[in-house]
Amino acid sequence: MGWAIALHGGAGDIPLSLSPERRLPREDALRHCLNIGVNAIKSQQHALDVVELVVRELENHPNFNAGRGSVLTSFGTVEMEACIMDGNTKRCGAVSGLTTVVNPISLARLVMEKTPHIYLAFDGAEAFAREQGVDTVDSSHFITAENIERLKQAKEANRVQLDYTQPIQKEVKLETHAADGDSQIGTVGCVAVDNHGNLATATSTGGFVNKMVGRIGDTPIIGAGTYANHLCAVSATGKGEAIIRCTVARDVAALMEFKGLSLEEAAASVVEGAPRGTVGLVAVSPSGEVTMPFNTTGMFRACATEDGYSEIGIWSSEQS
């Protein structure tokens, strides 16, 4: 089949009534990033370079919960995390607790390529960023008016709030909301297989609004939110704690390896087996198959393949 690419901008309880002001910029960004990725693949770039390039672009977009658009912790700060993995070699790098790094995904790649380790976090990761000369800014760069308002809403409700949560209405009883928040989050990710069958995945996020300082989600955990081997590349999104418990990304590969399932069958089985409203993922195989299942109301997603198929969507075809 040839090359394939898929990306996501978060899965969750995305209402069908989502306003054009919130929907259209994300759809445009997905289209833009998809085009960047397709052009990179067509120019013979390695899959690892492609996923990093696409996720960097998503991190730079203020309407996604990663990089520039990262949501705020309970202290009003950002703590970003990211992970990248090469399928053929299983080399990988991950970072957490970043407060000044413009593109966490690129620092994750440097961890993979420039250190003997896989995962660096907080002060150590920030020090490594300075040593490597990556782009950094004052942490105030990430504090946007919209994210300050999101944090205010979450604190008023005394809950963890996720990216696509609609404004809290005063007449709504707060106790109807789960203590760990709605099943909505705007993690970004990209998976790709290039013309030579190389597989790669990259994922980046700012986490939950009003999360505890020091909380780490599924994104940087190999096998949970991010995983690639010779059979597939997977990037997950949704409720991090559920994704960690279900080892979502690794389970897709394991079902393909040990049960002989196709990419689509394996991904569907994992998503259907996770708690309802918690998981979405994008995945590709070395033959150019692509799948983007979710058990939430919707998932911002896009994909393209060498045979000409492309898709940009939010909800399932039955809903939209």
Side-chain angles (χ1 to χ4, degrees), residues 1-8 30 32-60 66-67 82-95 101-120 129 132-135 188-204 219-220 222-223 225-236 249-250 252-253 256 263 281-292 301-310:
M1 293 174 64
W3 60 261
I5 183 171
L7 53 143
H8 67 75
L30 289 174
H32 170 67
C33 291
L34 181 63
N35 288 336
I36 287 176
V38 169
N39 290 335
I41 291 176
K42 287 182 176 179
S43 65
Q44 303 302 311
Q45 291 193 43
H46 191 283
L48 196 64
D49 297 321
V50 173
V51 297
E52 180 188 5
L53 179 67
V54 170
V55 170
R56 279 178 63 95
E57 195 70 17
L58 288 164
E59 288 174 337
N60 293 337
C83 184
I84 192 167
M85 189 167 186
D86 176 74
N88 288 355
T89 65
K90 293 188 185 176
R91 296 177 68 210
C92 47
V95 289
V101 176
V102 174
N103 292 114
I105 195 63
S106 291
L107 188 64
R109 184 166 182 180
L110 286 170
V111 171
M112 178 183 79
E113 295 182 339
K114 303 293 186 181
T115 81
H117 309 303
I118 289 176
Y119 197 162
L120 292 180
Q132 294 298 311
V134 302
D135 289 341
V188 303
C190 180
V191 293
V193 56
D194 62 28
N195 291 290
H196 304 287
N198 299 305
L199 291 155
T201 178
T203 317
S204 183
T219 291
I222 302 300
T226 310
Y227 189 75
N229 64 5
H230 65 289
L231 294 172
C232 62
V234 183
S235 176
R250 171 57 186 158
V252 174
M256 295 178 71
L263 177 74
L281 64 85
V282 295
V284 293
S285 75
S287 63
E289 298 168 287
V290 60
T291 189
M292 303 186 292
R301 64 195 188 276
C303 72
T305 63
E306 187 174 4
D307 61 10
Y309 177 78
S310 66

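Keep in mind the model is a prediction, meaning the values are calculated, not measured.
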Next on the checklist: Within the structure provided, determine whether Asn103 and Asn60 are in side-chain contact (heavy-atom separation under 4.5 Å).
Outcome noted: yes

Next on the checklist: Whether the side chain of His46 engages the backbone of Leu48 through a donor-acceptor N/O pair (distance < 3.5 Å, no angle test) should be reported.
Outcome noted: yes

Checklist entry - Are side-chain heavy atoms of Val188 and Val55 found at a separation under 4.5 Å? => result yes

Next on the checklist: Would you say that Ile84 contacts Val51 through its side chain, given a criterion of any heavy-atom pair below 4.5 Å between the two side chains?
Outcome noted: yes

Checklist outcome for this item: Heavy-atom closest pair (Val191 atom, Ala233 atom, distance to 0.1 Å) is CG1-O, 3.5 Å

Next on the checklist: If you apply the rule side chain to side chain contact (heavy atoms under 4.5 Å, CB included), what do you find for Met112 with Met85, and how did you get there?
Outcome noted: CA-CA 8 Å; Met112 178 183 79; Met85 189 167 186; over 6 Å; no

Next on the checklist: For Glu59 versus Pro104, what's the shortest heavy-atom pair and its separation?
Outcome noted: OE2-CD, 3.3 Å

Item to check | Contact summary for Ile222 and Cys83, nearest pair of heavy atoms | outcome: CD1-SG, 3.2 Å

Checklist entry - Rounded to the nearest 0.5 Å, how far apart are OH of Tyr119 and SG of Cys92? => result 12.0 Å

Next on the checklist: Under a 3.5 Å distance rule, please check whether Thr226 uses its side chain to pair with a backbone N or O of Ala202 as donor and acceptor.
Outcome noted: no

Item to check | Euclidean distance, Asp135 CG relative to Gln132 CD, rounded to 0.5 Å | outcome: 13.0 Å

Checklist entry - What pair of heavy atoms forms the shortest contact from Ala304 to Trp3, and how long is it? => result O-CZ3, 3.6 Å

Checklist outcome for this item: In this structure, CD1 of Ile5 is separated from CG of Asp194 (nearest 0.5 Å) by 10.5 Å

Item to check | Close side-chain approach of Glu306 and Asn195, heavy atoms under 4.5 Å | outcome: yes

Result block: side-chain N/O donor-acceptor pairs under 3.5 angstrom for residues 34-42, not counting sequence neighbours:
{"from": "Asn35", "atom 1": "ND2", "to": "Arg31", "atom 2": "O", "distance (Å)": "3.2"}
{"from": "Asn39", "atom 1": "ND2", "to": "Asn35", "atom 2": "O", "distance (Å)": "3.2"}

Item to check | Min side-chain heavy-atom separation Ser285-Val193 under 4.5 Å | outcome: no

Next on the checklist: Measuring only between side-chain heavy atoms, which start at C-beta, is Arg250 closer than 4.5 Å to Asn229?
Outcome noted: yes

Item to check | Closest heavy-atom pair and its distance - Ala192, Ala47 | outcome: O-CB, 3.7 Å

Checklist entry - Which residues pass the side-chain hydrogen bond (donor to acceptor under 3.5 Å, both in side chains) test with Thr291, sequence neighbours left out? => result none

Item to check | From CG (Leu7) to CZ (Arg301), nearest 0.5 Å | outcome: 11.5 Å

Item to check | N/O donor-acceptor pair under 3.5 Å between Thr201 side chain and Val234 backbone | outcome: yes

Item to check | His8 side, atom NE2; Leu58 side, atom CG - distance, nearest 0.5 Å | outcome: 9.0 Å

Checklist outcome for this item: Across all chains, not counting sequence neighbours, the salt bridge (Lys or Arg N to Asp or Glu O under 4.0 Å) partners of Arg109 are Asp49, Glu52, Glu113

Next on the checklist: What's the separation between atom CG in Leu199 and atom OG1 in Thr89, rounded to the nearest 0.5 Å?
Outcome noted: 11.0 Å

Checklist entry - Taking all atoms of both residues into account, what is the closest heavy-atom pair of Val290 and Cys303, and its distance? => result CG2-CB, 3.9 Å

